[in-house]
Every structure is written in C-alpha cells, then in structure tokens.
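Below is one structure, written out as structure tokens; the observations come after it.
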Amino acid sequence: QDADYLYENLQGALPAISLVNSVALGTAFANDRAADLVFAQQVLGLGREGDVLFASVREGKTGSRAFLDDRAGLALAKLALYDATLDRAFLDAAARHAGIAVREYFDPDHGGFFFSGTENETLPFRFKEAADNALPSGNAIMSDVLTRLAVLAPDAVSAEVADKQFAYMKQQAALEPAAHTSFLLALSDREQPPTRVVAVGAEDRTAIPLYVPLGTNVILLNEQTVEYPLRNGRQTFYICRGFACLPPTNDLNRERFRTC
C-alpha cells in the first residue's frame, strides 16, 4: 500500500534549485559581503561543471539561459576567490566563464557584449548595456575581468577581444562618464596596472594573500624562468609595478609594498 502511494504521487525530479528563495542567505551575504554577488555566491557553492544556469523558471518551465550579467558576475566571483586562496582552479574557472561570455555574448564586429547570448531565446534585436545602474553593467564587469585575466592568465582571452571591448566602452563612457564609473575603474587598471607579485617556486603559498594589499595581482610560477630566476635556491618573490620590479626577495612582508 505504501509503495502504491509513493508510485502514484512521487514525480520524476532533477537536482535543481532556485537562487531567489534563499532569502536569509542572500540578506546576510549582501550585508556582510557584496550585494551584487548574491547569486554568484550560490552558484559558486552549488554549481558543478556541466550544469546549466537559467535566468528564470515559471510554472515548471525553464526561462531563458543566463544573461551577460550572470556570466560576468560568476567570472568576477571566481577571480575574487583566486585572490583569497591562490587556488589555480578558481583562476581556471574564471577563464572558462570569460571564454563562454566571449563565445556567446561578444560582438566581434563592433566590440561590446550583448545582454543576451547565442543560447538565449532568439530576439529580433539584441542590445548592449554599457552604463551602470544600481549595479555595475555586465560590460563594465567583463572589462574588469578581461583586464585581470590579461595579467593572470594571458592565454585565456585574446588581446584583440580586449582591445575591441575597451574601444567600444570608451566611446560609450565619453558620452556620459558619470554613468560608467565601473568601467572607468577597469580602464584605470588597464592603463596603469596595479602592483603585481610574482611568486616563483612550488612551496606553500597559503600565507601570500595575508601580506599583499587588496587589488594586487599574484602570479604563481612553479619553476624559475629567465625573467624570474630563483634567489638562493629558495622560493622567491618579485614585487612589480608597471615595468619595474624591486630586487627579488625570499621573504614577503607588508613593509616591502610601501616602496613600490
């Protein structure tokens, strides 16, 4: 009898979850961390490679696939996790999401990213949103992501894509600079790159994020190169800004950043 009851009432199921129903989690994360990354944080914790991100589900039917802002937010969240942990898996994930964004949303003819991608519902007109609203625009976030990946993972996205993206966004920002502040921050980092630390050697790196200032790009090299040789046969750090680096050191501490 119990078996018949279960057979008649239970339905087939898929492992799916709504990102808007976690009200307590969303509120806490928005208050303590970043409101614009509420959904990205949940996808980061729950998502697995091969999953599909939909923008909405209604009456049992999935809505459109993720839009540019969703994909850009995920890439940025992965980069933030790489900054905090220096786990290469997060950097690879950021590069993967950026690659999907380029493939599905980028306009190769005129630059800029469309709000809807090639996997979304076919529309008679695809628009690009460059200006910020309450949150940074997807195009501004992608500008930031491309700038950071050019330093941390140069092979992830072609320089041509980045050049076209910034050319497009510069034109938009020139019309109304105050509405494109997030992009202008990315442009500043592109034109005047922040401090970068090159860590050479495969020793323990867990303490590095404790010493580097916020916004520093950390590049990890397992083996020495001609440009970045080991010093004294030990793990070596190069603290650089622009095209100049301080003398290499085997000890990383906050004092060294005051002269860079």
Side-chain angles (χ1 to χ4, degrees), residues 30 33-41 43-44 53 66-88 90-107 111-115 117 128-174 176-197 209 212-219 241-242:
R33 296 299 178 182
D36 56 327
L37 297 179
V38 166
F39 294 150
Q41 174 64 41
V43 173
L44 179 65
L53 179 62
F67 296 110
L68 170 65
D69 294 24
D70 305 312
R71 186 67 64 183
L74 276 174
L76 187 63
K78 298 289 186 178
L79 284 174
L81 283 167
Y82 171 75
D83 289 341
T85 65
L86 297 185
D87 186 338
R88 177 75 195 197
F90 291 126
L91 180 58
D92 292 340
R96 183 172 67 253
H97 285 297
I100 295 173
V102 171
R103 184 171 67 250
E104 296 186 4
Y105 304 90
F106 188 66
D107 180 354
F113 289 83
F114 292 107
F115 181 72
K128 302 172 188 173
E129 191 172 47
D132 298 330
N133 290 299
L135 300 175
S137 71
N139 267 288
I141 296 175
M142 281 307 303
S143 299
D144 187 17
V145 169
L146 293 177
T147 297
R148 299 212 56 211
L149 287 177
V151 177
L152 298 173
D155 296 331
V157 179
S158 72
E160 181 182 5
V161 168
D163 290 343
K164 288 184 177 181
Q165 170 66 5
F166 275 85
Y168 167 78
M169 288 296 288
K170 283 181 180 178
Q171 292 177 344
Q172 302 302 311
E176 193 176 1
H180 296 79
T181 53
S182 297
F183 164 71
L184 293 176
L185 289 173
L187 178 62
S188 176
D189 284 346
R190 177 178 166 91
E191 299 294 337
Q192 297 180 329
T195 301
R196 70 183 186 278
V197 172
V212 299
L214 185 66
T216 301
N217 289 317
V218 180
I219 303 169
R241 181 142 195 156

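Side chains included, hydrogens not; waters and symmetry mates left out as well; all remaining heavy atoms used.
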Hey, what do you get for [atom1] ([X]) to [atom2] ([Y]), rounding to the nearest 0.5 Å?
X    : Y    : atom1 : atom2 : value
L68  : F106 : CG    : CZ    : 11.5 Å
F113 : D107 : CZ    : CG    : 10.0 Å
N217 : T195 : CG    : OG1   : 9.0 Å
H180 : L187 : NE2   : CG    : 12.0 Å
L76  : R71  : CG    : CZ    : 14.0 Å
L79  : L152 : CG    : CG    : 7.0 Å

Discussion item. Among residues at least two apart in sequence or on other chains, which ones pass ring-ring contact (aromatic ring centres under 6.0 Å, His included) with Y105?
Written reply: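 Residues passing ring-ring contact (aromatic ring centres under 6.0 Å, His included) with Y105: none at all.
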If we ignore hydrogens and angles and just use 3.5 Å, is the side chain of [X] paired with the main-chain N or O of [Y] as donor and acceptor?
X    : Y    : result
Y82  : V218 : yes
K128 : G111 : yes
Q165 : N139 : yes

Worksheet item: Do the ring planes of F183 and F166 sit parallel (below 30°), tilted (30 to 60°) or perpendicular (above 60°)?
Response: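 Judged by the thresholds at 30° and 60°, the geometry between F183 and F166 is tilted.
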Discussion item. Test: salt bridge (charged side-chain N to carboxylate O under 4.0 Å, His left out). Region: residues 130-159. Which pairs qualify, not counting sequence neighbours?
Written reply: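 Every pair satisfying salt bridge (charged side-chain N to carboxylate O under 4.0 Å, His left out) with a residue in residues 130-159: D83-R148.
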Item to complete: Begin with the C-alpha distance, continue with both residues' side-chain angles, and end with the deciding distance and a verdict on side-chain contact (heavy atoms from CB on, under 4.5 Å) for V151 and I219.
Response: CA-CA 8 Å; V151 177; I219 303 169; 4.0 Å; yes
Any idea which heavy atoms bring [X] and [Y] closest together, and the distance?
X    : Y    : result
H97  : A75  : CB-CB, 3.9 Å
S143 : M169 : OG-CG, 3.9 Å
L149 : A98  : CD1-CB, 3.6 Å

Discussion item. Tell me which pairs pass side-chain hydrogen bond (donor to acceptor under 3.5 Å, both in side chains) where either residue lies in residues 184-194, with sequence neighbours left out.
Written reply: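 Checked against side-chain hydrogen bond (donor to acceptor under 3.5 Å, both in side chains) - neighbours excluded - the pairs reaching residues 184-194 are D163-R190.
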